[in-house]
Amino acid sequence: MENLITNNLFEFYKLIGSSSEFLHCKDGYCYVKAGNLSWPNIVFDLDNEQINYQNLYNRIKTNEIANKVFLHQNETIETQLLKCNFKLISSIIGMYLDLDKVTKPVNDFSTIHQVNNGASAAEFARIASQAFGYNILPTTIKPLVDCPELKLFIGQYHNKYVSCGMLLLDKQRVSGLHMIGSLPEYRGLGLGKKMTNKLLFEAFENLSTQAVLGASIAGEKVYSKLGFIKQGDFKSYIV
């Protein structure tokens, strides 16, 4: 199950990078580096057999490539990163849900709309930037509208768009829930849970048997109540 979560996360970043033409894969790792220090800015899919960790450190230090290394917990790789003075800064929890063990959400999502043009893509970028605390450019989001395997949604509260979420149907037909968030002043209103249920509804529509996501410690409690099960950690390192 850990591989299903990892594959979906990495496919997610590869899709975003390739859609905007800032995906690079060589020397034992991939990275995506959007412009103007915006999201995504991440090194991932490390191959311990090929990678030169000191070279990786130097390339990040000189701002040649993306500035954060993201990986599923791996003692061998993490030991090498620490030897080269990388620093652990954060972690998220990998979680999965067997869809055949839960009930399909009722299709009652009139306040949630799919992103299908440049204007709604810009709205998604605005909401996500404020929700997650880092800059997300509309030019990164707009190309994703035309990706058949990816669906983007924005949600309203009192006729104002304030929440967001993405769903990726990957090559193994696993549905990954990504970028679930809301504007800070609208938290505590159940908007994140509603968006999660909308994405789960779409996962059922995809005929997926599993849904996966990465959760914060606070988010784990919310997703656990929906039936998601913890399956390993994903860690981020910087120089």
Side-chain angles (χ1 to χ4, degrees), residues 4-5 8-9 12-13 16 39-40 42 70 90-99 101-116 120-136 138 140-141 144-145 150-170 174-206 208 210-234 236:
L4 292 180
I5 303 172
N8 192 277
L9 283 167
F12 176 67
Y13 286 118
I16 295 169
W39 175 90
I42 191 169
F70 177 76
S90 63
S91 63
I92 61 173
I93 302 162
M95 306 189 77
Y96 74 93
L97 176 65
D98 288 325
L99 295 176
K101 295 182 180 179
V102 296
T103 303
K104 182 179 181 179
V106 176
N107 187 11
D108 183 23
F109 305 105
S110 60
T111 59
I112 296 179
H113 304 142
Q114 187 168 351
V115 174
N116 56 13
S120 55
E123 280 285 87
F124 187 103
R126 176 187 65 84
I127 295 165
S129 294
Q130 295 180 53
F132 304 119
Y134 43 77
N135 189 33
I136 301 175
T140 299
I141 301 300
L144 303 179
V145 173
L150 190 65
K151 291 183 178 180
L152 292 73
F153 298 94
I154 48 178
Q156 288 182 324
Y157 184 77
H158 290 174
N159 297 315
K160 180 180 179 180
Y161 285 114
V162 300
S163 63
C164 62
M166 290 188 191
L167 187 82
L168 170 65
L169 178 63
D170 67 26
V174 173
S175 287
L177 286 63
H178 302 276
M179 305 291 285
I180 301 171
S182 61
L183 298 181
E185 61 268 34
Y186 290 90
R187 290 172 186 162
L189 299 173
L191 300 176
K193 181 179 179 181
K194 188 167 188 177
M195 181 62 72
T196 301
N197 277 319
K198 169 61 175 175
L199 299 184
L200 286 176
F201 175 85
E202 296 295 331
F204 275 96
E205 292 289 286
N206 285 341
S208 294
Q210 284 92 25
V212 298
L213 54 78
S216 64
I217 294 176
E220 179 193 4
K221 298 177 182 178
V222 176
Y223 299 126
S224 293
K225 291 179 181 178
L226 294 173
F228 280 88
I229 299 171
K230 179 179 177 180
Q231 188 69 55
D233 295 323
F234 291 84
S236 294

So, taking the atom named [atom1] in [X] and the one named [atom2] in [Y], what distance separates them when rounded to the nearest 0.5 Å?
X    : Y    : atom1 : atom2 : result
H158 : T111 : NE2   : OG1   : 10.5 Å
L200 : K104 : CG    : NZ    : 11.5 Å
L167 : L199 : CG    : CG    : 5.5 Å
H178 : Y13  : NE2   : OH    : 8.5 Å
I229 : Y223 : CD1   : OH    : 16.0 Å
L152 : L144 : CG    : CG    : 6.0 Å

Flag the pair [X] / [Y] as yes when at least one side-chain heavy-atom distance between them is below 4.5 Å, and no otherwise.
X    : Y    : value
L226 : N197 : yes
F234 : L9   : yes
S120 : Y161 : no
F228 : L177 : yes
C164 : F132 : yes
D108 : F201 : no

Review point. Excluding sequence neighbours, so at least two apart, what forms side chain to side chain donor-acceptor pair (under 3.5 Å) with E123?
Key: R126
Practice item. With sequence neighbours excluded, tell me which residues meet salt bridge (charged side-chain N to carboxylate O under 4.0 Å, His left out) with K101. Key: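 By the salt bridge (charged side-chain N to carboxylate O under 4.0 Å, His left out) rule, K101 matches D98.
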Can you check whether [Y]'s main-chain N or O pairs, donor with acceptor, with [X]'s side chain at less than 3.5 Å?
X    : Y    : result
S208 : A211 : no
N8   : V212 : no
T140 : I136 : no

Check your understanding: Are K194 and S163 close enough that a side-chain donor and a side-chain acceptor fall under 3.5 Å?
Key ->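 Result is no, nothing qualifies.
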Of all the heavy-atom pairs spanning [X] and [Y], show the shortest one and how long it is.
X    : Y    : result
G214 : I92  : CA-CD1, 3.9 Å
M179 : A128 : CE-CB, 4.2 Å
S182 : A131 : O-CB, 3.3 Å
A215 : M95  : CB-SD, 3.8 Å

Point to revise | Those residues that, when tested against D233, pass side-chain contact (heavy atoms from CB on, under 4.5 Å) (two or more places apart) | key: Q73, I93, K230
Check your understanding: Can you list the steps and then say if E202 with F109 is a side-chain contact (heavy atoms from CB on, under 4.5 Å)?
Key -> CA-CA 11 Å; E202 296 295 331; F109 305 105; over 6 Å; no
Practice item. May I have the step-by-step check of side-chain contact (heavy atoms from CB on, under 4.5 Å) for W39 and I141, ending in yes or no? Key: CA-CA 10 Å; W39 175 90; I141 301 300; 4.3 Å; yes
Exercise for review: Report the C-alpha separation of N107 and F204 in whole Å, then their side-chain angles, then the decisive distance to 0.1 Å, and conclude whether the side-chain contact (heavy atoms from CB on, under 4.5 Å) test is met.
Suggested key: CA-CA 11 Å; N107 187 11; F204 275 96; over 6 Å; no
Check your understanding: When V162 is tested against each of I127, I154, L191, L189 for side chain to side chain contact (heavy atoms under 4.5 Å, CB included), which residue passes?
Key -> L191
Exercise for review: List the steps and the verdict of side-chain contact (heavy atoms from CB on, under 4.5 Å) for S110 and Q156.
Suggested key: CA-CA 9 Å; S110 60; Q156 288 182 324; over 6 Å; no
